[in-house]
Structure formats: C-alpha cells, structure tokens
Amino acid sequence: MQGSTRRVGIMTDIHRRFLQLLMTHGVLEEWEVQRLQNHCFKVHDRNAAVEKLEDFINNINSILESLYIEIKKGITEDDGRPIYALVNLATTSVSKMATDFAENELDLFRKALELIIDSETGFASSTNILNLVDQLKGKKMRKKEAEHVLQKFVQSKWLIEKEGEFTLHGRAILEMEQFIRETYPDAVKMCNICHSLLIRGQSCETCGIRMHLPCVAKYFQSNSEPRCPHCNDYWPHEIPEVFDPEKEREAGVSKSTRKSLRSRQH
Amino acid sequence: MLSKPRGRGRPSPHTDRDRGGGGDARTPRGGRGDETPSTSRGPGSAQETPGSSWSLSASAPAPGARTQKQLELKVAELVQFLLIKDQKKIPIKRTDILKHVIGDYRDIYPNLLKLAAERLQYVFGYELVELEPKSNSYILVNTLEPMEDDAEVRGDQGTPTTGLLMIVLGLIFMKGNTITETEVWDFLRRLGVYPTKKHLVFGDPKKLITEDFVRQRYLEYRRIPHTDPVDYELQWGPRTNLETSKMKVLKFVAKIHKQDPKDWPAQYCEALADEEKRARPAINAPASLLNSEMGSEGLGQGSGTQRHRAKE
C-alpha cells in the first residue's frame, strides 16, 4: 500500500484460525477474545509465547486494512467493559446486517435507531417503535411480527432491551458510529470526555454536556466532590464504579460456589 | 450498512478521535470525492447528500479511469460478499457476483475474482473453488483443519443439522454410493427420525435431506423412473467430494461402530483407490466443516483432488 504509515504484518494459520472463529461471533468481550487467541496458539504453536493481545490484533488489522475491515475495540455504555467486533470501514452494498434481515426488518431497525437517537434517555419504548410499523418499506409487517423482529435484534446483539425499552447494543455502536454521525449530525449526542458517539449517559443539568457512564466513572474516580468539567457546577448524578475485570472474575466464582452449596443442601 | 455512505476515517480504539482521514497518508482530503466507496448499483445507492464533499458520480467511471483505491474497494467488497454468502452454505453464482458486486467493473471481472481469491486464501485461509467445471458457481473450502476444541470458542455452534448430513453421507457410501429415499427413512426411523414428524434437533428432516442439503450441493436427489409409489435416489453431491473424502466418511462410520475401517473391505478398497486418485495431482485437499463433525483429528492436509480453481 503506497504511503501507508503502518507496517503490514504477516498472516499465519494462527491468525487465520483466529479470524475464522472471530467471524462466527457478532461481538465479543475481551476475555472471550483472549481465550480465542490462546486457543489458536495452542492449536498451531504450542510452544510459542502468546503474543500480547493488542499487538496481535494490530498485526491482523494491518493486513485487514486493504480489505476495508478492522477488528475494532470499544467499551459498553452501561458498565465500561471492553468489547470487540469485526467492522466494515467502507460502506458497500454488502453488509452483514443487510444479508441477515429482510427489507422491512432493516427499516424497522432504522426506525428504532432514529427514535433512540432522538430520545433524551437513549431508549425507545416498544410502543413507540411498534406504532411506526405501518410506515415500513417492503412487505407489510404486523405489530406482533414486529415484536418478534425486535427480539431477533436483541438476540443477535444489535439492540438491548430493558423493561420494554430498547437501546443500541455496543456492537451496533461499534459498527455504525460513523454512519450514525454522518446521517444524523444534528441529532447525535457526543461525550464530553472521549468525544465519541453517546447514546446513553449522564448530563449536566446546568449546561447540558453529556458523558458516558464509564467516562464519568473514570473522570470522577476517587473524587469526593464531582463537578461538571464544563461549567463546574456540582455533578448531581451517582458516580458509577470503574470496570474491573478482576472483580468480575471473583464475583463469578463466588456466585457459582454459592449456587453449588445451595444445591447440595437439598 | 444500511447502504448509506460512510467516511473512511478509521476510528482508533483510543478516546480522542480525529474525525477526518485518520492520518492515512495515501488519501488526501481534497481527492476524497472519487475515493469514497462506490457500489455496483447506480443511482439507487448514491449518497443522500449531493453537493456535500462525500458525493460521487452515480455510476462507476469509465474503464481505465478507475483509481487504485476504487479497485481495492471493489476487491474488498467482493471478498466480503463471498464470505457472507458462503456462510449460508449455498454456492455463489457468477451471475449474483456480477449483479450485486461487480456491476460496471465487468470488464475486469476475472482479475477481481482472482485478487479476491488470493485475499481469501492469504487472510482467511479459505480457498475459492468452482463447484463443478463450467458450473460458474463457487464455494469456499477451508484450508485449515477444524479442531474439536474449535466448538468451544465458536459463536454460532455450527449447525446441528450437520450430524444428520453425516449419517446420510455415511449411509450412501456404505450402501455403494447410491441409496433410495425409502432406504434412508427405514434407517433413520430406527434413530427416531421421521420424514413426517418434527424433530427436536433437526426440525424438518425431510426438508433438510431432500431440499436444504441438495441446495447446498451436499446431496443429489433424483427421481427413479417407473417407481410406484414414486421413489428417489440419493447420492453425494459435488460439495461433499470437495469438502471431504470416502476415506474420511468411512473412518467416521467405523468410529460410530467402534470398529476399524478395514472391517468393511469393499468400502475400504474403494476409499483407498479414491485417496490415490486425489493424491495424483499433487494438491492438498482442503479440510472442512464436515471433517470436524466426523472427528478426524489432525489427519493432516490429506490427498489432492481434482478441483477447479477460480479461473475465468
């Protein structure tokens, strides 16, 4: 590639297997990616030291560059956990979502997306989405069917559902951020800290700036008097915890131990 | 993704993002207009903001006037198309490729296909193979040997229906490479699989065997003339021969019976002869989804086979 500032790495069967298996997922958490990498090293080169994940992925991305795709890393908006997805860097007529869903289903997603972006909370209610069913392009869809389609979006990790309301899954944000920013430049919200797309977060009641929950957590970490970075007013919301993968693992272990103890008592 | 234009900026994993070209030296901002990805379809796919710096002409430029970047993008699109289509396990037709991806770049179709095939092999380890000579339809064959442990790290659990396919392929081979549909159901009934009853794992076994597997080219399904009630014969389809071999299927059958392949001398001889035939053109046979289901651990890149490489 002419003038590319990045040195192109080399693909081996380790990388190929990694990519093949990665593609079977829509999105993965960091521990899953690490496990996948370990597996691929084990299969092809037991004795080699497993390369640092970030370098491993950068190496692959340097080669994927010419195919206009990339393994992209992001964090979830609710608890800041790192996630990875293989995303398209160029819009083409071909896309994963477009091939998995029918025209009217894609249009339903688009409608939900617009409601989510326009909302104050980043959530769109099921009712509001379903009310737009008559406006969909393509084959006519009934509300009952639309409910089912929304569940399909949740299962394939394009949407998250919480108490009858829908918001974007981290996967959708990773894949579509660019598209969303370009298509809805006036409606999109941005995070004051990381300057990327914001669907859900906290906002300052005085000046209106917004921040992602994990960005809030990081910014105000061990700060007893959190103040708005823009207008300095007192930050009125609860400060969430910074995501700690270690704590995650421990919590998982103690939960399962408790479960097995309970079952033995019966 | 919803067929709308997107910039090429490459968002980095870090928080501070450069909205523009992302520091990519080979894409000067000024020339962005003609470098934005174009699709093969005409006006329908054009951007929604005519007049903005993103807009490009509604149709592809004349042959000869294409930039390196446009060609790269076309190949990228083709690679993605082939990957996505192959996931459904349906052979990809040349006509579909031309219609949905190539479009106005038709004059260089053979080159684009060749470049796409190279990338598929080098980057993903998939070989683009023509299903049968002159069929103008393609499949991707995995050149990596599937491992049993792969199943633990997969995101899609493969397809549970592969088990049923394995059994039918085994049955066909053991019975002399052809079998009637009646015989298939007589056998499957003993396993609790019926043509008319919904199955917990396989769903609709009749549809799977007589339609889905046939469409995916794993099986051939032909009516036997002069039969009353009408009966059909089932044989291996072209994809089966590309993805696996008689020896591998025999080993699978033997494993199920906890016996040795040599316990079936006729089939064993036939499988050996097939191995020899594949070994003659000195190309390695690709491994595949089927092999992993059969549990062939590290048989190595077995014997070659007469494959028709993507050449046009």
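Between the CG atom in A/Leu36 and the CD atom in B/Glu152 there is a gap of 12.0 Å [rounded to 0.5 Å]. The line from CZ of B/Arg154 to CG of A/Leu22 is 12.0 Å long, rounded to the nearest 0.5 Å. Expressed to the nearest 0.5 Å, how far NE2 of A/His39 lies from CE of B/Met147 amounts to 8.0 Å.
Proximity to chain A is limited to the side chain of B/Lys88, based on heavy atoms less than 4.5 angstrom apart. B/Leu78 does not touch chain A: none of its heavy atoms, backbone or side chain, sits under 4.5 Å away. Residue A/Leu174 does not touch chain B at all, counting heavy-atom pairs closer than 4.5 Å.
Counting heavy atoms of neighbouring residues, nucleotides and ligands inside a 6.0 Å radius, atom NZ of A/Lys157 does not exceed 12 of them.
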task = Show the numbers, then the answer: is there a side chain to side chain contact (heavy atoms under 4.5 Å, CB included) between B/Asp149 and A/Val43?
result = CA-CA 9 Å; B/Asp149 291 343; A/Val43 167; 5.9 Å; no
CA sep, side-chain torsions, deciding dist, call: B/Glu72, A/Leu67, side chain to side chain contact (heavy atoms under 4.5 Å, CB included) = CA-CA 7 Å; B/Glu72 250 183 25; A/Leu67 290 174; over 6 Å; no
task = Evaluate the side chain to side chain contact (heavy atoms under 4.5 Å, CB included) criterion for residues A/Arg17 and B/Val153: first the C-alpha distance (whole Å), next the side-chain angles of each, then the deciding distance (0.1 Å), finally the verdict.
result = CA-CA 11 Å; A/Arg17 187 175 296 269; B/Val153 290; over 6 Å; no
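Of all heavy-atom pairs between B/Tyr122 and A/Ile63, the closest is CE2-CG2, 4.3 Å. Pairing each heavy atom of A/Ser66 with each of B/Ala76, the nearest pair is O-CB, 4.3 Å.
Under the side-chain contact (heavy atoms from CB on, under 4.5 Å) rule, B/Phe124 has a single partner from A/Met11, A/Arg16, A/Met23, which is A/Met23.
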